[in-house]
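Please read the structure below before turning to the comments.
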Amino acid sequence: QVKLVESGGGSVQVGGSVRLSCVASGYDYSRFCMGWFRQTSTGSRRERVASIDGSGGGIRYADDVKGRFTISQDLAQSTFYLDINPVQPTDTNMYYCAAGPRPWGGCTLISVAFDYWGQGTQVTVSS
């Protein structure tokens with residue numbers, strides 16, 4: 001049974017940093033893509049943030065997060081991370097980790113390519 005457990009959200013001040021973690025279990029991590037998505041309280045869909053190949057391969061970022069967001073992973077622990085530094089007010093969102101089998105063309109940032117989702121963790125940025 002695939003399971004994704006997130007942690008690390010909370011309140012953070014503008015200019016600070018935050019690390020989100022997602023512990024994966026129940027599948028062959030090396031054959032999957034892992035991703036992070038975000039959704040505002042009024043948003044109707046989840047926006048892409050970043051993805052990483054569980055085999056230790058490619059990383060992709062959405063254009064609007066490049067430079068401040070970093071996705072990484074610990075293959076031995078089947079855990080992947082999202083670091084945001086420095087945080088900005090617009091980073092206030094619910095963040096979701098996700099996983100899906102690696103497609104033939106490699107990992108993407110398309111949400112429908114991810115079959116499994118974490119419960120979400122809220123990040124709230126205050127000034």
Side-chain angles (χ1 to χ4, degrees):
Q1 179 180 0
V2 176
K3 190 173 183 181
L4 299 172
V5 180
E6 302 183 36
S7 62
S11 296
V12 59
Q13 289 191 326
V14 170
S17 62
V18 63
R19 163 168 275 200
L20 308 180
S21 302
C22 185
V23 179
S25 61
Y27 63 93
D28 186 345
Y29 189 92
S30 66
R31 295 180 180 271
F32 274 56
C33 300
M34 270 57 68
W36 288 97
F37 294 79
R38 61 188 178 185
Q39 186 172 16
T40 64
S41 59
T42 58
S44 60
R45 61 183 179 89
R46 293 175 183 174
E47 299 178 348
R48 59 190 185 178
V49 174
S51 68
I52 190 166
D53 191 323
S55 68
I59 289 175
R60 293 178 181 263
Y61 293 100
D63 288 341
D64 59 342
V65 306
K66 289 178 180 178
R68 293 192 304 114
F69 287 52
T70 303
I71 190 171
S72 61
Q73 61 188 349
D74 182 336
L75 299 178
Q77 299 295 324
S78 296
T79 301
F80 57 108
Y81 307 94
L82 183 69
D83 291 290
I84 309 173
N85 184 23
V87 297
Q88 298 176 355
T90 52
D91 297 329
T92 296
N93 286 297
M94 183 73 81
Y95 288 80
Y96 295 90
C97 65
R102 185 189 311 111
W104 183 83
C107 298
T108 71
L109 292 172
I110 302 172
S111 61
V112 295
F114 293 83
D115 298 326
Y116 306 100
W117 294 80
Q119 78 282 6
T121 186
Q122 177 70 36
V123 173
T124 301
V125 181
S126 60
S127 58

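For this chain, numbers begin at 1 and follow the sequence in order. For clarity, every value in this text was computed on a predicted model and none was experimentally measured. Values below: every heavy atom of this structure, side chains too, minus hydrogens, waters and symmetry copies.
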In Å, rounded to the nearest 0.5 Å, how long is the span from OH of Tyr81 to CG of Asp74?
5.0 Å

For Gln88, give me all partners under side chain to side chain contact (heavy atoms under 4.5 Å, CB included), at least two apart in sequence or on another chain.
Arg68, Thr90, Asp91

Show every donor-acceptor pair shorter than 3.5 Å between a side-chain atom in residues 47-55 and any protein atom, with sequence neighbours excluded, or say none if there are none.
unit_1: Glu47; atom_1: OE1; unit_2: Arg38; atom_2: NE; d: 3.4
unit_1: Ser51; atom_1: OG; unit_2: Thr108; atom_2: O; d: 3.1
unit_1: Asp53; atom_1: OD1; unit_2: Ser55; atom_2: N; d: 2.9
unit_1: Asp53; atom_1: OD1; unit_2: Ser55; atom_2: OG; d: 2.8
unit_1: Asp53; atom_1: OD1; unit_2: Arg102; atom_2: NE; d: 3.0
unit_1: Asp53; atom_1: OD1; unit_2: Arg102; atom_2: NH2; d: 3.0
unit_1: Asp53; atom_1: OD2; unit_2: Arg102; atom_2: NE; d: 3.0

By salt bridge (Lys or Arg N to Asp or Glu O under 4.0 Å) - contacts of Asp115 (at least two apart):
none

Write out all pairs satisfying disulfide (SG to SG under 2.5 Å) with one or both partners inside residues 41-85, taking only residues at least two apart or from two chains.
none

Once salt bridge (Lys or Arg N to Asp or Glu O under 4.0 Å) is applied, what residue pairs with a partner in residues 3-24 remain, sequence neighbours excluded?
Arg19-Asp83

Applying a strict under-4.5 Å side-chain criterion to I, L, V, M, F, W and Y, I'd like to know whether Ile59 and Leu109 cluster together.
no

Look up atom CD in Gln119 and atom CG in Leu4, then write down how far apart they are to the nearest 0.5 Å.
9.0 Å

For residues 29-70, which residue pairs qualify under disulfide (SG to SG under 2.5 Å), counting only residues two or more places apart or in two chains?
Cys33-Cys107

Are Val14 and Leu82 joined in one hydrophobic group, where the rule is that I, L, V, M, F, W and Y side chains link up if heavy atoms are under 4.5 Å apart?
yes

Any pair with a residue in residues 61-80 that passes ring pair (Phe, Tyr, Trp, His ring centres under 6.0 Å), sequence neighbours left out, goes on the list, sorted by first then second residue, please.
Trp36-Phe80

To the closest 0.5 Å, what do you measure between OH (Tyr116) and SG (Cys97)?
14.0 Å

Return the set of residues passing side chain to side chain contact (heavy atoms under 4.5 Å, CB included) with Ser126 (not counting sequence neighbours), or none when no residue passes.
Gln13

Which disulfide (SG to SG under 2.5 Å) pairs, counting each pair once, include a residue from residues 47-77, with sequence neighbours left out?
none

Supply the members, apart from Met94, of the Ile/Leu/Val/Met/Phe/Trp/Tyr cluster built from side-chain contacts under 4.5 Å; use none for a lone residue.
Phe37, Tyr96, Phe114, Trp117

For a quick test of your reading: what N or O donor-acceptor pairs under 3.5 Å do the side chains of residues 20-28 make, sequence neighbours left out?
unit_1: Asp28; atom_1: OD1; unit_2: Ser30; atom_2: N; d: 3.2
unit_1: Asp28; atom_1: OD1; unit_2: Ser30; atom_2: OG; d: 2.8
unit_1: Asp28; atom_1: OD2; unit_2: Arg31; atom_2: NE; d: 3.0

Between Asn93 and the options Thr121, Val123, Thr40, the side chain to side chain contact (heavy atoms under 4.5 Å, CB included) test singles out Thr40

